[in-house]
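In this text, all values refer to a predicted model and were calculated from it rather than measured experimentally. The sequence lines fix the lettering, A, B, ..., with proteins before strands; numbering per chain opens at 1.
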Amino acid sequence: MADAVKVNPAEVGEEPADEFHAPERGSADELMGAEIGDPLDPMRHSAAHVMAEAVLELFPDARLGIGPAIEGGFYYDFELRRALTPDDLSRIEERMAASVAADHRFVRDEMPHEEGRRFFEERGQPYKVEIIDDLAKVARDGGREPARVSTFQHGPFIDLCRGPHVESTARIGPFKLLTVAGAYWRGREDRPMLQRIYGTVWSTQEELDLYLWRRQEAKRRDHRRLGVQLDLFSFHDVSPGSAFWHPKGQRLWRTLESAMREVQERRGYQEISTPILVHRKLWQQSGHWDLYAENMFRVEAEGQTFSLKPMNCPESTYIYRSRVRSYRELPLRFNEYGRLHRNERSGTLSGLTRVRQFVQDDAHVYVRPDQLGEEIEALLGEVREAYGWFGLEPRFAFATKPDKALGDPALWEKAEGLIREALDRARANYVVKPKDGTFYAPKIDIYIDDALGREWQMATIQVDLVMLPERFDLTYIDESGRSARPIAIHRAIYGSLERFIGILVEHFAGAFPFWCAPVQAVVIPIADRHNEAARELAAVIRSRGVRVEVDDSSSRMQNKIRLAQEQKVPYMLVLGDREIGARTAAPRTRAGEQQEPVSWDELADRLARESVERRPDR
RNA sequence: GCCGGCGUAGCUCAGCGGUAGAGCAGCUGUUUCGUAAACAGCAGGUCCUCGGUUCGAAUCCGAGCGUCGGCUCCA
């Protein structure tokens with residue numbers, strides 16, 4: 001689903017899941033506790049049945065997998081002799097429409113377990129038989145007899161199903177089949193690959209149209225498309241999964257980075273930089289070599305094995321331990337814009353949102369246990385401040401101790417209490433995800449909704465009680481002269497800069513807020529004789545730190561404006577005889593608003609001021 | 001990694017067995033213009049790579065690479 005945005009924890013921050021970035025299950029939506037079933041689910045699931053009916057008509061020997069309702073629609077998995085084509089989808093749609101028009105009732109029936117098994121076996125449906133067997137096994141393992149299996153029939157089609165359904169096929173609203181994709185049976189790579197057909201269905205035509213429009217709009221805003229159009233970055237097969245940053249993209253990057261640095265300097269962070277190429281013994285000590293090896297790029301040199309670092313944290317401990325630390329030094333806040341490499345599987349790479357090489361606005365904060373609550377609250381403030389620059393509303397999810405966790409349970413309990421208090425004090429909008437923390441840290445994940453209502457997991461704050469402190473034996477000398485264990489907080493607020501920029505491009509459809517736009521203003525001389533004055537004006541503005549360009553090409557003014565509009569430049573400053581005579585300029589905004597002429601100095605002042613304000617709405 | 005689609009000029013795409021096309025962008029010239037496209041000309045391509053079929057391959061077949069949609073939702 002284009003709209004069911006996937007969480008990519010591996011790039012969001014540090015150590016998302018247990019066992020070092022094991023892929024996390026569940027869409028962000030689900031994680032946010034939105035599992036309350038959609039009222040449209042019965043209809044969506046019913047549509048899946050109707051689709052299966054249609055597929056069976058066209059391919060009588062099709063084997064059926066499962067066909068649940070999902071956000072926005074439904075899918076059904078099939079095993080077929082040949083690959084489906086777009087043409088097949090239209091034919092399936094037609095048959096579905098016929099079934100809806102026929103208004104078949106959905107009729108529930110049930111039969112004893114054995115009979116159900118035989119029923120589907122006779123119909124050549126091994127996947128259904130497997131499900132029935134599994135249900136029986138679960139029951140027997142629980143010391144119960146296998147329950148009767150239930151089926152639903154509409155028209156000629158009978159499917160193993162627990163329901164619920166709508167009354168009859170006529171209740172199924174406007175629908176459309178979207179795509180066909182490969183999907184492993186039960187999501188397991190050692191099982192057969194089935195063909196999955198995705199469809200969407202809604203109560204009204206308007207809702208369906210809106211959904212399809214949003215898909216179109218998402219395509220239009222796709223950062224991979226806009227990245228080329230706006231000349232921000234490109235990808236090349238010589239380094240799959242890694243962006244080449246063009247001058248404009250790099251300018252955007254640096255603007256975001258310096259904004260974050262400014263916050264960090266204000267908050268007492270100290271920036272560090274650690275090597276990218278690191279001997280494997282470090283990764284053996286951190287545990288990555290055992291648990292994360294397949295995601296690390298290895299480098300052999302002079303008989304030694306190194307790896308490109310997939311994260312910064314272990315190395316930051318070397319700086320921590322470079323001398324004895326006093327309780328007076330804590331909190332010790334090390335930030336690092338380190339370049340990381342993770343060997344993501346080739347099939348999962350995607351634009352800036354799933355890459356092999358990226359940079360995090362990473363930091364590790366070492367605190368005494370008594371400082372934890374205050375630090376968390378401050379970090380929540382950082383998140384709010386940074387997201388405010390883009391008009392994004394962060395939502396928080398607090399993930400607590402999983403069953404399998406390392407470390408002192410009392411410490412866990414205390415840390416969780418402090419995190420919860422900090423969230424409450426900060427009046428944060430949060431949900432609790434019980435037992436969803438990592439095995440060494442409770443954490444706070446941060447989500448936003450973008451302009452299209454899509455949910456993205458962004459930042460993460462992890463309160464590491466065990467990993468860095470224990471494994472790397474971090475200590476400080478406390479007030480009484482004894483050695484004590486600090487707590488390490490991993491935090492990344494943008495997450496990966498690559499991914500963050502990708503999301504920003506889509507959120508703003510390329511029209512970045514004035515303060516971070518790669519080109520903030522274009523001076524447009526009307527005729528050649530205005531070029532010199534245009535360069536003069538640009539120099540005045542540029543001297544105030546505003547990113548301005550002059551379009552002194554031989555095009556007509558209209559064309560220069562069009563070009564600037566396409567590039568989503570916030571301000572166009574048209575300069576002709578009238579303006580030059582009065583040393584003024586009349587700004588035109590990319591929204592098409594024609595502003596009053598102002599003097600050059602005043603204009604430069606205003607732009608410089610707006611640039612510093614970092615408002616999301618300019 | 002696996003399944004399926006796609007890979008032709010910088011970009012968007014047409015051509016789908018007889019030796020390559022359009023629009024935009026680029027370059028040159030003319031134009032010097034008042035708020036979203038001035039006009040004309042020119043130039044531009046190992047048709048992703050390698051191998052095969054064929055008298056002949058961008059076009060058909062195979063492999064590789066890249067890219068896109070997916071591979072969690074458990075009757």
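When the P atom of B/G4 is taken as reference, atom CD1 of A/Ile197 falls 15 Å away, rounded to whole Å. For the pair A/Leu177 CG and B/G70 P, the interatomic distance rounds to 15 Å; values are reported in whole Å. The CD atom of A/Gln567 sits 13 Å away from the P atom of B/A25 (whole-angstrom rounding). As rounded to whole Å, 19 Å separates atom C1' of B/G70 from atom OH of A/Tyr76. Here B/C73 presents its P atom at 17 Å from CZ of A/Phe74, a figure rounded to the nearest Å. The distance between atom OH of A/Tyr184 and atom P of B/C73, rounded to the nearest whole Å, is 14 Å. Whole-Å rounding puts the A/Arg215 CZ to B/G70 C1' distance at 12 Å. Atom CD in A/Glu189 sits roughly 11 Å away from atom P in B/C3 (whole-Å rounding).
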With 3.5 Å as the limit, what N/O pairs link the protein to nucleotides 61-68 of chain B?
residue: B/C68; atom: OP1; partner: A/Arg224; partner atom: NH1; Å: 3.1

Please produce a list of atom pairs where a protein N or O lies less than 3.5 Å from an N or O of nucleotides 42-46 of chain B.
none

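Contacts between residues 129-137 of chain A and RNA chain B, counted as heavy-atom distances below 4.0 Å, involve A/Ile131, A/Leu135.
Pair assignment for B/G41: B/C27, on the basis of Watson-Crick or G-U wobble contacts that are both within less than 3.5 Å. Pair assignment for B/U12 gives B/A22, based on Watson-Crick or G-U wobble hydrogen-bonding distances that are each under 3.5 Å. Across all strands shown, the partner of B/C71 is B/G1, judged by Watson-Crick or G-U wobble contacts whose two distances both fall under 3.5 Å. In this structure, B/C47 forms no base pair with any nucleotide, since neither Watson-Crick nor G-U wobble geometry is met with both distances under 3.5 Å. In this structure, B/G56 forms no base pair with any nucleotide, since neither Watson-Crick nor G-U wobble geometry is met with both distances under 3.5 Å. Of the nucleotides present, none pairs with B/A36 by Watson-Crick or G-U wobble criteria with both distances under 3.5 Å. Across all strands shown, B/C6 forms a Watson-Crick or G-U wobble pair, both distances under 3.5 Å, with B/G66.
The backbone N or O of A/Gly351 lies less than 3.5 Å from no partner atom in the side chain of A/Glu498, so there is not a single donor-acceptor pair.
Under the salt bridge (charged side-chain N to carboxylate O under 4.0 Å, His left out) criterion, A/Asp141 pairs with A/Lys137, not counting sequence neighbours. Shown here are the salt bridge (charged side-chain N to carboxylate O under 4.0 Å, His left out) partners of A/Arg140, two or more places apart in sequence or in another chain: there are none. Evaluation of the side-chain contact (heavy atoms from CB on, under 4.5 Å) rule for A/Ser99 yields A/Val50, A/Glu53, A/His104, A/His154, A/Thr169 as partners, not counting sequence neighbours. Not counting sequence neighbours, A/Gln195 has no partner by the side-chain hydrogen bond (donor to acceptor under 3.5 Å, both in side chains) test. Every residue two or more places apart in sequence or in another chain that forms a side-chain contact (heavy atoms from CB on, under 4.5 Å) with A/His507 is listed here: A/Leu392, A/Asp450, A/Ala451. Residues satisfying the side-chain contact (heavy atoms from CB on, under 4.5 Å) criterion with A/Ile131, sequence neighbours excluded, are A/Ile66, A/Leu135, A/Leu160, A/Trp185, A/Arg186.
Taking atom C1' on both B/G41 and B/U46, the two are 29 Å apart, rounded to the nearest angstrom. B/C47 and B/C13 are spaced 13 Å apart, taking the C1' atom of each and rounding to whole Å. If you take atom P in B/C16 and the same atom in B/C61, they sit 15 Å apart, rounded to whole Å. Rounded to the nearest Å, the gap between the C1' atom of B/C73 and that of B/U12 is 37 Å. The gap from the P atom of B/A22 to that of B/G29 amounts to 24 Å, rounded to the nearest Å. When the P atom is compared between B/U28 and B/G17, the two are found 41 Å apart, to the nearest whole Å. Nucleotides B/A20 and B/U59 are separated by 13 Å at their P atoms, to the nearest Å. Between the C1' atoms of B/U30 and B/G23, the separation comes to 23 Å (whole Å).
No contact: A/Thr151 has no heavy atom under 4.0 Å from any strand.
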I need a per-nucleotide contact map over nucleotides 30-40 of chain B, read 5' to 3'. Cutoff is protein heavy atoms under 4.0 Å; write B for the base, S for backbone only, - otherwise. -BBBBBBBB--
Please report the C-alpha distance between A/Ile501 and A/Trp245 in whole Å, then the side-chain angles of each, then the deciding distance to 0.1 Å, and finally whether the side chain to side chain contact (heavy atoms under 4.5 Å, CB included) criterion is met. CA-CA 11 Å; A/Ile501 289 173; A/Trp245 290 94; 3.8 Å; yes
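The nearest pair of heavy atoms linking A/Gly173 to A/Val201 is O-CG2, 3.5 Å.
Residues A/Arg345 and A/Arg162 each lie close to RNA chain B; by heavy-atom proximity, the contact nearer the 5' end of the strand is made by A/Arg345.
At a cut-off of 3.5 Å, with distance as the only test, a side-chain donor of A/Gln565 or A/Arg588 sits close to an acceptor on the other residue. Judged purely by distance below 3.5 Å, without hydrogens or angles, the side chains of A/Asp577 and A/His530 pair a donor atom with an acceptor atom. When only modelled atom types and interatomic distance are considered, A/Ser350 and A/Arg224 share a side-chain donor-acceptor pair under 3.5 Å.
Close to B/C73, at under 4.0 Å from its OP1 or OP2, lies a side-chain N or O of A/Tyr75.
Legend: salt bridge (Lys or Arg N to Asp or Glu O under 4.0 Å) pairs involving residues 151-169 of chain A, not counting sequence neighbours, sorted by first then second residue: A/Lys128-A/Asp159, A/Glu167-A/Arg171. Counting only residues at least two apart or in different chains, salt bridge (Lys or Arg N to Asp or Glu O under 4.0 Å) contacts with residues 60-69 of chain A comprise A/Asp61-A/Arg81, A/Arg63-A/Glu79.
Here the rule is side-chain contact (heavy atoms from CB on, under 4.5 Å) with A/Ile197, and of A/Ile92, A/Leu178, A/Thr179 only A/Ile92 fits it.
A ring-centre distance under 6.0 Å is found for A/Phe78 and A/Tyr76.
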